[in-house]
Amino acid sequence: MLRVLGVLVGLLLVGGILGIAPRADGAIAVKVCGSGYGHGVGLAQYGAYGRAQAGQNYVKILRSYYRGIDLHRYLDDPFVRVLLEQKGLNDSHDVVVASGGTAQMVNLATGHTVALGPGTYRVMYLSAQKSYQLTNVSAGEQIGSYEGPIHFEPVSGAPLGYAGRSYRGKLRPEVSNSKFYLTNRLRMETYIRGVLPAEMPSSWAHEALKSQAVAARSYARATRGGDLFDFYADTRGQVYGGASSETTATNKAVADTAGVVALYNGKPIRAYYHSSSGGYTEDPSYAFGRPVAYLKAVRDVDPQGRSFEKGVNSPWTRWSGTLNPDGSAQLDIGSIAGVR
């Protein structure tokens with residue numbers, strides 16, 4: 001999910017209108033007008049913001065978008081694995097120990113540890129030896145080769161760094177199917193701290209942030225599981241920015257809802273969410289091709305019939321634009337032959 005977008009990004013036409021307009025070069029452009037942005041299913045983020053501004057708490061916000069749910073607080077805080085990057089077998093991953101911090105590399109096969117001071121540490125996989133080679137790039141010296149599996153974990157100071165961002169928990173390089181993966185292993189609640197500010201602006205109302213935290217946690221609980229990792233860190237799942245994304249406001253929203261998950265028939269729901277409903281959410285039958293009991297199309301307006309999103313100046317309350325008649329790379333279509 002992109003920031004203030006949805007699990008799947010698309011164009012939602014609520015009461016959309018198609019028209020034909022001549023272009024300066026004489027070609028016919030297709031004019032499009034509509035409301036909303038995203039797949040339209042489940043919680044509308046701008047709608048949640050508007051509802052919070054109107055005085056609704058996060059429980060009422062969630063029940064407005066997910067029908068027939070119960071809220072349950074889990075007391076456990078399971079580990080999850082987030083894929084940070086997938087590379088080729090001959091590539092490498094650079095793990096950074098920040099200035100003033102310490103860390104260690106742990107050989108999980110033997111229990112042997114290697115103390116790491118501040119610096120950049122490059123790990124490569126040597127296919128012929130079936131081992132992981134560790135080099136201190138900052139000092140220009142090779143540390144050793146290890147059969148593995150291995151992982152990196154902080155000991156003191158700041159979280160570990162990777163690709164310009166910092167991540168709490170452990171970083172694990174792993175080879176599978178001729179690919180070289182790097183995953184972040186951490187607790188569920190800590191993972192949600194890295195998701196919330198990447199999916200909703202931290203400046204938004206606290207009850208809106210809490211509703212997004214529960215939605216993200218519910219989606220994670222419902223979808224967790226995989227051979228090498230549980231979640232992607234991008235729009236293929238929920239956007240995850242690690243410790244670098246965390247803010248005081250979003251961390252408080254996570255803490256204030258710690259462990260709270262939306263359930264339907266006793267099971268965590270796939271709490272889909274999107275940017276803007278345009279005043280009416282979508283039935284998943286039309287977005288994903290199948291009905292879901294707790295996800296119904298709902299009118300997203302206040303008692304006076306006004307869109308909650310308009311009150312918080314959503315840019316998607318009403319919009320318009322044109323489609324190129326000669327084709328569109330974004331929509332992956334050829335020349336437009338006609339509009340119906």
Side-chain angles (χ1 to χ4, degrees), residues 1-16 34-52 54 56-74 188 192 195-196 198-200 207-225 230-232 235-239 257 259-302 307-309 314 316-317:
M1 306 171 206
L2 291 175
R3 186 184 178 100
V4 201
L5 300 186
V7 179
L8 305 173
V9 180
L11 221 54
L12 174 65
L13 300 180
V14 181
S35 301
Y37 191 51
H39 52 61
V41 177
L43 181 144
Q45 292 166 316
Y46 272 103
Y49 182 22
R51 288 174 180 273
Q56 294 186 18
N57 63 24
Y58 81 98
V59 175
K60 186 170 183 178
I61 293 172
L62 291 166
R63 292 187 186 280
S64 297
Y65 293 110
Y66 308 117
R67 297 308 176 95
I69 62 166
D70 296 311
L71 295 181
H72 172 75
R73 188 184 299 274
Y74 283 91
M188 171 73 78
I192 299 301
V195 169
L196 179 52
E199 291 287 1
M200 181 176 279
E207 294 300 314
L209 293 175
K210 288 162 68 177
S211 70
Q212 178 67 72
V214 175
R217 186 182 296 110
S218 302
Y219 186 84
R221 285 268 183 174
T223 59
R224 181 166 60 108
D230 298 296
F231 313 119
Y232 290 100
T235 54
R236 287 170 290 184
Q238 301 186 103
V239 179
T257 62
V260 177
V261 172
L263 306 181
Y264 186 82
N265 284 343
K267 296 181 179 180
I269 69 170
R270 286 178 177 254
Y272 290 110
Y273 52 90
H274 61 284
S275 173
S276 172
S277 71
Y280 220 121
T281 67
E282 182 60 281
D283 190 294
S285 298
Y286 299 104
F288 307 138
R290 56 183 175 81
V292 179
Y294 51 83
L295 295 172
K296 300 295 184 183
V298 298
R299 197 166 181 229
D300 198 11
V301 297
D302 65 16
S307 169
F308 283 107
E309 299 178 345
S314 165
W316 308 108
T317 301

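Scanning all heavy atoms of the two residues, the minimum distance from Tyr66 to Gly42 falls at CE2-CA, 3.9 Å. Of all non-hydrogen atoms in Ala52 and Ala208, the two that sit nearest each other are CB-N, 3.7 Å. Here the closest heavy-atom approach between residue Ser64 and residue Lys60 is recorded as OG-O, 2.7 Å. Shown here for Glu309 and Ser277, the closest heavy-atom pair between the two residues is OE2-N, 2.7 Å. Heavy-atom minimum distance, Gly68 versus Tyr264: O-CD1, 3.4 Å. In terms of heavy-atom proximity, Ala216 sits nearest to Val195 at CB-CG1, 4.1 Å.
With sequence neighbours left out, Asp302 forms a salt bridge (Lys or Arg N to Asp or Glu O under 4.0 Å) with Arg306. Residues that satisfy the ring-ring contact (aromatic ring centres under 6.0 Å, His included) test with Phe231, not counting sequence neighbours, are Tyr191. Tyr65 pairs by the side-chain hydrogen bond (donor to acceptor under 3.5 Å, both in side chains) definition with Arg51, Asp300, not counting sequence neighbours.
Side-chain N or O atoms of Gln45 include none that pairs as donor or acceptor with a backbone N or O of Gln212 at under 3.5 Å. In terms of modelled atom types and a separation under 3.5 Å, the side chain of Thr223 and the main chain of Tyr219 share a donor-acceptor contact. The closest donor-acceptor contact from the side chain of Ser35 to the backbone of Thr317 lies under 3.5 Å.
In this structure, CD1 in Ile192 is found 8.5 Å from OG in Ser218, a value given to the nearest 0.5 Å. The CZ atom of Arg63 sits 13.5 Å away from the OG atom of Ser211 when rounded to the nearest 0.5 Å. Here the straight-line distance linking atom CG of Leu62 with atom CD of Gln56 works out to 10.5 Å at 0.5 Å rounding. A distance of 5.0 Å separates CE in Met188 from CZ in Arg224, rounded to the nearest 0.5 Å. Atom-to-atom distance recorded for His72:NE2 and Lys267:NZ is 14.5 Å, nearest 0.5 angstrom. In this structure, the separation between OG on Ser275 and NE2 on His39 is 10.0 Å, given to the nearest 0.5 Å.
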For residues 284-298, which side-chain N or O atoms pair as donor and acceptor with protein atoms under 3.5 Å away, sequence neighbours left out?
unit_1: Ser285; atom_1: OG; unit_2: Asp283; atom_2: OD1; d: 2.9
unit_1: Tyr294; atom_1: OH; unit_2: Arg270; atom_2: N; d: 3.0

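Counted by atom type alone, Gln238 and Tyr273 present one or more donor-acceptor pairs between their side chains at under 3.5 Å.
Residue pairs meeting the salt bridge (charged side-chain N to carboxylate O under 4.0 Å, His left out) criterion with at least one member in residues 209-218, sequence neighbours excluded: Glu189-Arg217, Glu207-Lys210.
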